[in-house]
S.K.: 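Before I ask anything, let me first share the structure, which is written out below as C-alpha cells.
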Amino acid sequence: MPCGLIDASWAGRSVHVAGWVHRRRDKGGVKFVLLRDRTGLVQLAFEPERTPADVIAAAGALNPEDVLWIRGDIEARPPGAVNPDMATGEVEIRVREMTVLASSDPLPILVAIPPEEDLPSEELRLRHRVLDLRRAELQRNFVTRHLATNGARASLSQQGFLEVETPFLTRRTPEGARDYLVPSRIHHGEFYALPQSPQLYKQLLMAAGFDRYFQVARCLRDEDLRADRQPEFTQIDVEMAFVAEDDVFAVCERMLFDMFASTLDREIPVPFPRMTWAEAVESYGTDKPDLRIDWRIRDFSQALGGRGFGIVDGAIEAGGRVRGIVVPGGAALSRSRLDAINETARRSGAKGALWMKVTEDGFTGPAARAVDDEAGSILRSDFGVEPGDLVLMIAGPDSESSPALDVLRRELATELGASSEGEEWVWVTDFPLFEADPETGEPAASHHPFTMPVDVTPEELLADPFSVRSRAYDLVLNGTELASGSIRCHEPALQRAILEALGMTAEQVDARFGFLLEAFRYGVPPHGGFALGLDRLVALMVGVSSLRDVIAFPKTTAARGLMEGAPSAVDNELLADLGIRLDGPRAGGTDD
RNA sequence: GGGGCUGUAGCUCAGUUUGGUUAGAGUGCCGGUCUGUCACACCGGAGGUCGCGGGUUCGAGUCCCGUCAGCCCCGCCA
C-alpha cells in the first residue's frame with residue numbers, strides 16, 4: 001500500500017506498508033513514526049493497547065531513514081488528533097508487526113529538513129545525492145520529468161514518428177562545441193567523439209527512408225557550465241521528410257501541447273506566434289525575445305537627429321542609429337540608478353546610455369538637449385511618451401545597441417515589475433545562414449552548417465555569404481531558447497558550398513562529411529526537424545532555475561561528479577593499452 | 001581563460017568590520033523522563049584541522065599572499 005495514498009476510506013482495513021522512517025515522535029508509552037515512500041507520508045502509531053511490547057521497544061530504537069516493513073490496521077485518528085496539514089492526516093496505521101529491513105547510520109545531511117533551515121550546501125547535496133533525491137521536492141521534479149518525457153513519446157508516436165537510437169561512439173566533427181573524446185584501443189591515436197547531438201544521424205535516417213524519426217537523445221558537449229548548462233543533457237530530437245516549416249511547427253506545437261496537457265493538465269496556446277529574426281533583433285535587440293515585456297525598441301534617429309546634439313548626430317553620420325526604449329514610470333529612477341544603467345550599457349558593449357525624463361514641463365536629463373519643440377511633439381505623438389516616462393537610448397551601430405538594449409530592457413522591466421506573468425511563446429524564423437566570427441570576421445554558422453539557405457546558388461553563397469538567409473528557426477519561451485531546428489540542406493552542391501564558406505577545403509569536406517554527401521547522392525528527401533531541450537523544459541515546468549534539480553546525477557560547475565568521483569585518474573597500464581602517455585604530472589583523482 | 005560570492009560542530013548559521021581569556025546558537029547525535037504526538041516537549045551530555053598551505057604579529061577564525069572546493073556570471077556553448 002503506498003503511504004501517501006491512504007485516506008479515510010481505507011479505515012478499518014488491515015494492510016502492509018513499507019518505506020523509510022521520516023520522523024519519530026516518542027511520547028514514552030505511545031510512539032509515532034512518519035513513514036515515507038515515493039507517494040508521501042503516513043503516520044504509524046505504536047500503542048500498548050494494540051502493538052506488541054517488543055515492537056514498541058523496537059520502535060523506540062528506530063533511526064531516521066531506517067527502512068521498515070509494517071503490518072497494521074488503518075484507522076481514523078481520534079478526534080482532536082487529526083492533522084489537517086497532512087494529506088493522510090485523518091488516518092494512521094496502528095502497528096501490529098514491524099520488520100526493520102535496513103537500518104540507517106546517522107545522516108550526513110537530513111532528508112527531513114526542519115522548515116526554518118536552509119538546504120545543505122550544493123556541494124553536500126551533490127556528494128550525498130542519494131539522500132538529497134529522497135526529498136519530496138526532488139522526487140516531484142522527477143515525476144514531472146517522467147510525465148513530460150512520456151507525453152512527448154506518446155504524442156510523437158501518435159503523430160507517426162518512430163523512435164530510433166543513434167550511436168554514442170561517433171566521428172568527431174570540427175564544427176560547434178568541444179567534443180568529449182574516447183580513445184580507441186584497437187586503433188591507437190584515433191578517437192571517437194561522444195555526440196553533441198544526433199544531427200547527422202537523423203539526417204541519414206531521413207535518407208534511409210525513416211520519414212518520421214524521434215529520439216530522447218543524450219547530448220554531450222565539453223564546454224564550461226552554467227546553472228542552465230550541463231555537460232550531458234537530453235534533447236527530444238525530431239526529424240521528418242517531405243516537409244516545410246509549417247509542418248515542423250505543427251508537430252512541435254502538438255507535441256508541446258500534449259506534454260503540457262499530460263504533465264501539468266494545462267492547455268498551452270498553440271499555434272505559437274512567429275517573428276522573423278530581423279524583427280526580433282530590431283524590436284527586442286535579441287534573437288530570443290522575452291515577450292512578457294511589451295516594451296519595444298524604437299528608432300529615434302529621425303526624431304532626434306540633426307538637432308545639434310553631437311552624440312546623436314555623430315552616431316548617425318557614422319552609419320549608426322539612435323535606438324531606445326520608452327520606460328513608463330521610469331522618470332522615478334534616481335540619478336545614481338541611471339548612472340548604474342549607463343555602466344551596464346557600457347559593459348554590454350555600447351558607448352553608454354543616453355537618457356531623458358519626461359516631465360509635465362518637457363524633457364530633462366542629458367539627452368534632453370536633442371529635444372526641441374518639433375522633436376518633443378514627435379516624441380509625444382509618434383512614440384507616445386508621457387510625463388513620468390524615461391526614454392533610454394543608445395547611439396551607435398546596431399551591433400552595439402541591440403545587445404545593450406536587450407540587457408537594459410530586461411533588467412528595467414524586472415526592476416519595475418513591467419514583466420507580465422505567464423508564458424509567451426514565439427517562433428523566431430529566417431535567421432541569417434552565417435554570422436561573422438567576432439575575432440576573425442570569418443563566416444560561422446549561425447544555426448548549424450546543415451541548414452538550407454534561402455534562394456541561393458552555391459556560387460552566390462560563396463561570393464557573399466553574409467547576405468544569405470536560412471530556413472532555421474528557434475522556439476523561444478519567455479526569453480529562453482527551448483527548441484531549435486531548420487529545414488536541412490539536402491542538395492550536395494549547396495551543402496559543399498556552405499562547408500567551404502566556413503573555411504574547409506574540398507578535401508576536408510570530403511574527409512569529414514563525405515558520408516553525408518554520399519548519402520545525399522542516392523535520392524534524399526527534403527527534410528527538416530527540431531530538437532527541444534528537455535532538461536530546460538522540465539526545469540521550467542517545475543519552477544527551478546538550476547538544471548541540477550531535474551537531473552538525477554548532475555555534474556558540478558567544474559564538471560565533476562562529486563558522488564562517484566568522476567572524472568578519475570587511470571592506471572598507466574590502462575593508458576598503455578590505449579596508446580596514451582601523459583606528459584604532465586598525474587592528477588589528483590585515483591582509480592581505486 | 002577572466003570576474004564575483006561562499007567555506008567555522010554531522011547540518012544550517014552567528015562571530016571576521018576594530019587581531020586579545022575557554023569559538024557560540026539552532027538542529028541532528030548520545031543518555032534519561034513522558035500514553036495522542038505531528039518541527040512533540042522537558043532534563044543532561046558528547047561533538048571544532050575555523051577548507052588547506054605559508055606569512056605578518058607577543059598573539060590570527062579575524063590581517064596579507066597562495067591554493068583547493070562549491071555556487072553565480074563573462075568568454076565559450078554551430
Side-chain angles (χ1 to χ4, degrees), chain A residues 22-34 41-51 56 60-61 63-65 77-86 88-89 92 94 104-128 131-132 173-179 196-197 199-200 219-231 233 347-349 403 407 431-435 437-439 443-451 470 472 474 481 484 486 498-499 502 531 533 545-546 548 555-560 562 588:
Chain A
H22 190 67
R23 284 182 206 283
R24 197 165 62 88
R25 291 184 283 271
D26 189 338
K27 292 287 293 178
V30 59
K31 305 180 199 309
F32 303 94
V33 166
L34 285 183
L41 299 168
V42 70
Q43 174 164 286
L44 309 178
F46 298 79
E47 41 181 3
E49 293 80 6
R50 312 291 288 274
T51 309
I56 294 188
N63 302 307
E65 303 306 312
R77 295 195 193 180
V82 167
N83 183 347
D85 298 329
M86 194 173 161
T88 61
E92 63 190 5
R94 310 274 167 85
S104 169
D105 284 351
L107 299 167
I109 63 174
L110 301 182
V111 177
I113 295 171
E116 303 284 301
E117 194 154 300
D118 293 343
L119 290 180
S121 70
E122 195 86 32
E123 186 174 355
L124 287 163
R125 289 179 53 201
L126 291 172
R127 195 174 298 286
H128 306 289
L131 293 175
D132 195 40
T173 56
E175 274 296 316
R178 204 173 285 118
D179 288 305
Q196 296 178 23
S197 82
Q199 180 60 37
L200 295 179
C219 304
L220 301 105
R221 297 178 187 175
D222 188 4
E223 295 290 347
D224 288 344
L225 308 178
R226 293 285 188 282
D228 63 348
R229 219 190 286 162
Q230 280 278 308
F233 59 97
R347 273 201 313 274
S348 306
V407 169
F431 279 72
L433 186 63
F434 299 106
E435 51 199 27
D437 183 297
E439 281 169 24
S446 72
H447 179 64
H448 63 53
F450 312 105
T451 299
S470 78
D474 281 356
E481 178 195 316
S484 117
S486 60
I498 293 170
L499 294 168
L502 291 168
S545 55
S546 172
R548 286 185 298 270
K555 300 288 190 285
T556 67
T557 316
R560 281 192 183 281
L562 291 183

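First the proteins, then the strands, lettered A, B, ... as listed; each starts at 1.
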S.K.: Can you tell me the Watson-Crick or wobble partner of rG7(B), both distances under 3.5 angstrom?
M.R.: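 Result: rC68(B).
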S.K.: Is any side-chain N or O of T556(A) closer than 4.0 Å to OP1 or OP2 of rG70(B)?
M.R.: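 For rG70(B), OP1 or OP2 has a side-chain N or O of T556(A) closer than 4.0 Å.
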S.K.: With distance as the sole criterion, do the side chain of E117(A) and the base of rG26(B) form a donor-acceptor contact below 3.5 Å?
M.R.: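 Side chain to base: pair present.
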S.K.: Using a heavy-atom cut-off of 4.0 Å across all strands, would you classify L34(A) as base, sugar-phosphate, or nothing?
M.R.: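 Here L34(A) touches no strand at all.
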S.K.: Under 4.0 Å between a side-chain N/O of S546(A) and OP1 or OP2 of rC71(B), yes or no?
M.R.: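 Negative; the distance criterion is not met.
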S.K.: Check every strand shown and say whether P449(A) touches a base, only sugar-phosphate, or nothing at a heavy-atom separation below 4.0 Å.
M.R.: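 The residue P449(A) makes base contact.
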S.K.: How far does the C1' atom of rC30(B) sit from the matching atom of rC72(B), given to the nearest Å?
M.R.: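 Going atom to atom, C1' in each nucleotide, I get 40 Å.
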S.K.: Within the modelled atom types, does a donor on one side and an acceptor on the other bring the side chain of Q43(A) and the base of rU37(B) under 3.5 Å apart?
M.R.: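 It does, because a donor-acceptor pair links the side chain of Q43(A) to the base of rU37(B) below 3.5 Å.
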S.K.: Flag the pair N63(A) / P106(A) as yes when at least one side-chain heavy-atom distance between them is below 4.5 Å, and no otherwise.
M.R.: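 Of all side-chain heavy-atom pairs linking P106(A) with N63(A), none is under 4.5 Å.
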S.K.: Would you state whether a donor and an acceptor, one from the side chain of R23(A) and one from the base of rU37(B), lie under 3.5 Å apart?
M.R.: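 It does not, because no donor-acceptor pair links the side chain of R23(A) to the base of rU37(B) below 3.5 Å.
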S.K.: Within the 4.0 Å heavy-atom criterion, would you say Q230(A) contacts the bases, only the backbone, or no part of the nucleic acid?
M.R.: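 No contact.
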S.K.: Can a side chain N or O of R229(A) be found less than 4.0 Å away from OP1 or OP2 on rC71(B)?
M.R.: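 No, R229(A) has no side-chain N/O under 4.0 Å of OP1/OP2 on rC71(B).
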S.K.: Could you say whether V30(A) or L225(A) is positioned toward the 5' end of RNA chain B, judged by the nucleotide with the nearest heavy atom to each?
M.R.: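 Result: V30(A).
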S.K.: So does S121(A) get a side-chain nitrogen or oxygen closer than 4.0 Å to the phosphate oxygens (OP1/OP2) of rG70(B)?
M.R.: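 Checking rG70(B) against S121(A), no side-chain N or O comes under 4.0 Å of OP1 or OP2.
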S.K.: If you take atom types as modelled and just measure distance, does the side chain of E49(A) reach the base of rU35(B) with a donor-acceptor pair under 3.5 Å?
M.R.: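 Yes, the side chain and the base share a sub-3.5 Å donor-acceptor pair.
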S.K.: Using heavy-atom distances to pick each residue's nearest nucleotide on RNA chain B, tell me which of K555(A) and A81(A) is more 5'.
M.R.: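 This one resolves to A81(A).
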S.K.: Would you classify R77(A) as touching base, sugar-phosphate or nothing, given that sugar-phosphate means primed atoms plus P, OP1 and OP2, and contacts are heavy atoms under 4.0 Å?
M.R.: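 Base, at least one base heavy atom under 4.0 Å.
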S.K.: Does R226(A) contact rG75(B) through a side-chain donor or acceptor facing the base, at a distance under 3.5 Å?
M.R.: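 Side chain to base: pair found, below 3.5 Å.
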